[in-house]
There are 2 protein chains.
Amino acid sequence: MPEDVSLATVAARAGVSVSTVSRIVNGEMRRASPATVARVLDAIEAVGYRPNPVGRALKSGQSQLVAMIAANLDNPAMATIASSTEAALREAGYVMVLCDTHDRPELQDEYLHAMRAQMVRGYVLVAAVASPGLSELSASGAPAVFVTRRNPSGRGPFVGIDDRAAGAAVADYFADLGRRAPAVVFPRLGSSASRDRVSGFLARLRQRGWSEDAIIRADGDGRSHLQIGYDAGARVFGGRDMPDAILCVSDQIAYGVNRRARERGLKIPGDCELVSIDGTPLNQWVAPWLKSIEIPYAVYGAEIVAGLQLLWRGEAFGERLLPYRFG
Amino acid sequence: MPEDVSLATVAARAGVSVSTVSRIVNGEMRRASPATVARVLDAIEAVGYRPNPVGRALKSGQSQLVAMIAANLDNPAMATIASSTEAALREAGYVMVLCDTHDRPELQDEYLHAMRAQMVRGYVLVAAVASPGLSELSASGAPAVFVTRRNPSGRGPFVGIDDRAAGAAVADYFADLGRRAPAVVFPRLGSSASRDRVSGFLARLRQRGWSEDAIIRADGDGRSHLQIGYDAGARVFGGRDMPDAILCVSDQIAYGVNRRARERGLKIPGDCELVSIDGTPLNQWVAPWLKSIEIPYAVYGAEIVAGLQLLWRGEAFGERLLPYRFG
DNA sequence: GACATATTGGCAAACGTTTGCCAAACTGAT
DNA sequence: ATCAGTTTGGCAAACGTTTGCCAATATGTC
C-alpha cells in the first residue's frame, strides 16, 4: 500500500502540473481539454490517488470533521442520536468526532476549543449545558445545531420535539383515563426540554380542572436520571398521597421510579401507571410496563445533517420539531 | 475571538523567528536563552496561541486523531466502551473519531480508508469483522487495538476478558446450584468472544458429567442480539425438554429470551434461571431477574489507551485480559 | 495576414507546522 | 589578539492542497 500518493504523483504520471490535477479532482472539468482530463483520470485510477483531507483542511481552513458534543453517551437515547448522526454525516462525506462531556461545563469548553483548533466544519450539541465557551461559540456564528436541549445561551438552530405538547399529551392521557392523583418526576436542574415537558403537563392538568397543589411533584439531584428517579420514587411513594399515574420526563427516570415501586411491592402499572418521554426501543424488551412518548431518535441524524447543510449554505434554519408517537 | 493566531503571530510579538517559537512550544527549552523563552511564553499567553493540529499533522504525517471503529453503537456495552475510551484518549491528549459500521464489512473498509487518509494515530476496533481492509491494516503494522473480538485476520493486540473462563464459570454455577437441564443461546455467526464463551461453557459441563446432547443449544441469525434471543427463546421453550438454566452470551440475548419467557408465562428465575455475559449496569435497574458475568467495560478505555501508547512507543502488547465479576 | 478572444495549463504563493543546517555572537583558554 | 567551542536563533524547505494570475496556444473575425 503506497500511501504516499499525492497530487504530485498523479501529475508526474499524467505529465501535467499539480494545479491541473487539483482542478480536475475538484470537478473543474472545463479548465482542461477532454484529452487531458482523461489522462489525469487514468493516472488517478492507476496510482489509487485519494485527496489528503489534512492538506485540504490546512489550505481551505476547514476540515471534513464535524464535532458532536454530547452530554452523556451512556444514555441510550444519546447513543442512538450519535449513531444516526454518524451515519448521516458519513453519507454526506463528513467525519464525526465524538466528545462526551459528562455534563460538565469545563469539559464542554475544553472540547469546544479543541474542536475549533481542529477546524471542524460544524458542531452538533446534544444536551448542551451553559458555559463561557458556548456563549463564545454562539456569538461567533459558527455552524452549530442544538439537539434535545435548546441553546442555553441565546437562540440557535434546534432539533427536537415539541416538549410542551408532549407533556400536555400525557396529561390528557391521564385525565381521559380517569386518573385522579397524577404526579411528575423530573431533574432539579432541568434543561429546556425537561422544563417544557413539565410545564406542558402541569398547564394541561390545570386546564382540565386540577388545582395546583393536587399535582404531586418530585425532583432529584445529580446527573444520573436513574438515581433521580429512584430517589424521587422514595418520596412519591412514601408520602401520604399515593399517585395513581406518574409522568417521568425520561425513560431512565422511569426505570428508577419503577425500581423503587418494585422494592415497595407496588404493581406497575396496576397500582400506578408510569409514562415516560423518550420511548427508546429497548423499552419493549425490558420495560413492557412502561408507556412512552416515543421520540424518533433514529431520524435525528438525518435532520441534524440537513440542518447543518442549510447553515453551510448560509440559509436560515430555526428549529425542526419532529413528530412523536404515543405508543 | 481572533482565531488567526499562529506561530507567526507569536513570533512577531516576541520579536523572534517562527522556528524559535516552534521549538519552545515543543519544549526544546535549551535552544533559547531563558530571556527569550520568557518573552516567547509571555507572547503566547498574550495572544492566546494554541498550536494548530492540522498544520502539525500535515508536517509530521500524523494527526492527534484516533479512530474508534465500532460494530454497533446502539449496544450499551459498546456505548460504554466508546465513552470510556473517549475519556481516556482526551486525558492523553488525543481526539476520538467514532465510526459505526453496523457490522457491515464494506462500511468497515470504507472507514478504514477514510481514517488512513485522516492520518489517524491509531485504530481501536471494537467487535471488528473480517474484511479486506482489515487484513491490509493488520499487514501494514499500523497501531491497532482489538476489543471484545480478536483480530479476525491474524493476531493483534487485544483487550477483553477470558471468555472461555467466563463460560466455564457459568457452567460451574449451574452445576453447583444443582441444575439438571442447562442451555446456551448464542448468535449463529459468532465472534471469537461468543465462540469462546460457548465452548468454555460446554467443555466445563462435559467435565462435570453432562453428555454432549444433554445440553440444549440454540442459536439465532441476524445482527440484533435482542431478536436472536427472542427467536431462540421460542425454540428453547417450545421443545420437549425445558431447560432450567440458560446461559445467554450477551445481555441483549438475555433480554430477548426473557421476553419470550414472559410471553409464555414462565417465571424467571423461578422456572428457569437466566445468566448473561456482559452485566451492564442497566441490568440492576431493568433486569433484576438477570444474573451476569459483569465485564468492566468502564475501564476498557484506560486499558485500550495504555495499549495504544505501548504500540506507539514500539513496545510489545499482546493481550490484556481484564478481570470480571460474577454478580 | 493581423488582430482580438477563447481555451488550456503552469507558476508560485499560501495555509501552520517542523527541522536540518548555517551564521552570528558569545565564552573561555592560550 | 587569536582561535576553538558553545550557545542562540534564523533561513528555508517540506508536508498536500487550492487558486489568482499570467503565458502560451488555438480559434475565430475582418
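Proteins come first, then strands; the chains are lettered A, B, ... in the order of their sequence lines, and each starts at number 1. Just so it is clear, the model here is predicted, and its values are computed rather than measured.
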| message | Is there a side-chain contact between B:T36 and the phosphate of D:dG9, meaning an N or O under 4.0 Å from OP1 or OP2? | response | yes
**B:I304 and B:F146, any side-chain heavy atoms less than 4.5 Å apart** = no
Note to self: Once you apply a heavy-atom cut-off of 4.0 Å, does B:S22 come out as touching a base, just sugar-phosphate, or nothing?
What the structure shows: base
A:Q64 CD to D:dT17 C1', in whole Å, measures 13 Å
When rounded to whole Å, the CZ to P distance for the pair A:R50 and D:dT17 reads 12 Å
Side-chain contact check for B:P51: nearest option of D:dT8, C:dT8, C:dT17 is C:dT17
Assign each of B:A32 and A:N52 the nucleotide of DNA chain D bearing its closest heavy atom; nearer the 5' end lies the nucleotide of B:A32
message = Just checking B:F317 against B:W312, ring centres under 6.0 Å apart?
response = no
Out of D:dT17, C:dG10, C:dT17, minimum distance to the side chain of A:S17 belongs to C:dG10
Per nearest nucleotide of DNA chain C, the residue lying toward the 5' end, B:R31 or B:Y49, is B:Y49
note: A:I24, atom CD1; C:dT8, atom P; distance rounded to Å ~ 11 Å
Closest non-hydrogen atoms of A:L98 and A:A82, given as atom of the first, atom of the second and distance, are CD1-CB, 4.5 Å
Closest to the side chain of A:S33, out of C:dG9, D:dG16, D:dA14, is C:dG9
Start with the C-alpha gap between B:S6 and B:N52, add the side-chain angles, then the distance that decides, and say whether side-chain hydrogen bond (donor to acceptor under 3.5 Å, both in side chains) holds. CA-CA 8 Å; B:S6 68; B:N52 180 328; over 6 Å; no
A:Q118 CD to C:dT17 C1', in whole Å, measures 14 Å
Rounded to whole Å, CG of B:N26 lies from C1' of C:dG20 at a distance of 15 Å
- With distance as the sole criterion, do the side chain of B:S19 and the base of D:dC11 form a donor-acceptor contact below 3.5 Å? yes
So does B:R56 reach the base of C:dG16 with its side chain, donor to acceptor, closer than 3.5 Å?
-> no
Here the distance between atom C1' of D:dG10 and atom CD of B:E28, to the nearest Å, is 15 Å
B:L58 has its side chain closest, among D:dC15, C:dT18, C:dC15, to D:dC15
Nearest heavy-atom approach of B:G307 to B:V145 is C-CG2, 4.4 Å
To the nearest angstrom, the NZ-P distance between B:K59 and C:dT18 comes to 9 Å
With a non-hydrogen cut-off below 4.0 angstrom, is A:V25 in contact with a base, only sugar-phosphate, or nothing? nothing
Taken to the nearest whole Å, CE/B:M29 to P/D:dT7 is 17 Å
- Query: Does B:R23 make a side-chain donor-acceptor contact with the base of D:dG9, cut-off 3.5 Å?
  - Reply: no
Per atom distances to the A:L7 side chain, the nearest of C:dT18, D:dT18, D:dG9 is D:dT18
*Which part of the nucleic acid, if any, lies within reach of B:S60 when heavy atoms closer than 4.0 Å are counted: base, sugar-phosphate only, or nothing?*
nothing
Using 4.0 Å as the upper bound for N to carboxylate O, is an ion pair formed by B:R116 and B:D109?
no
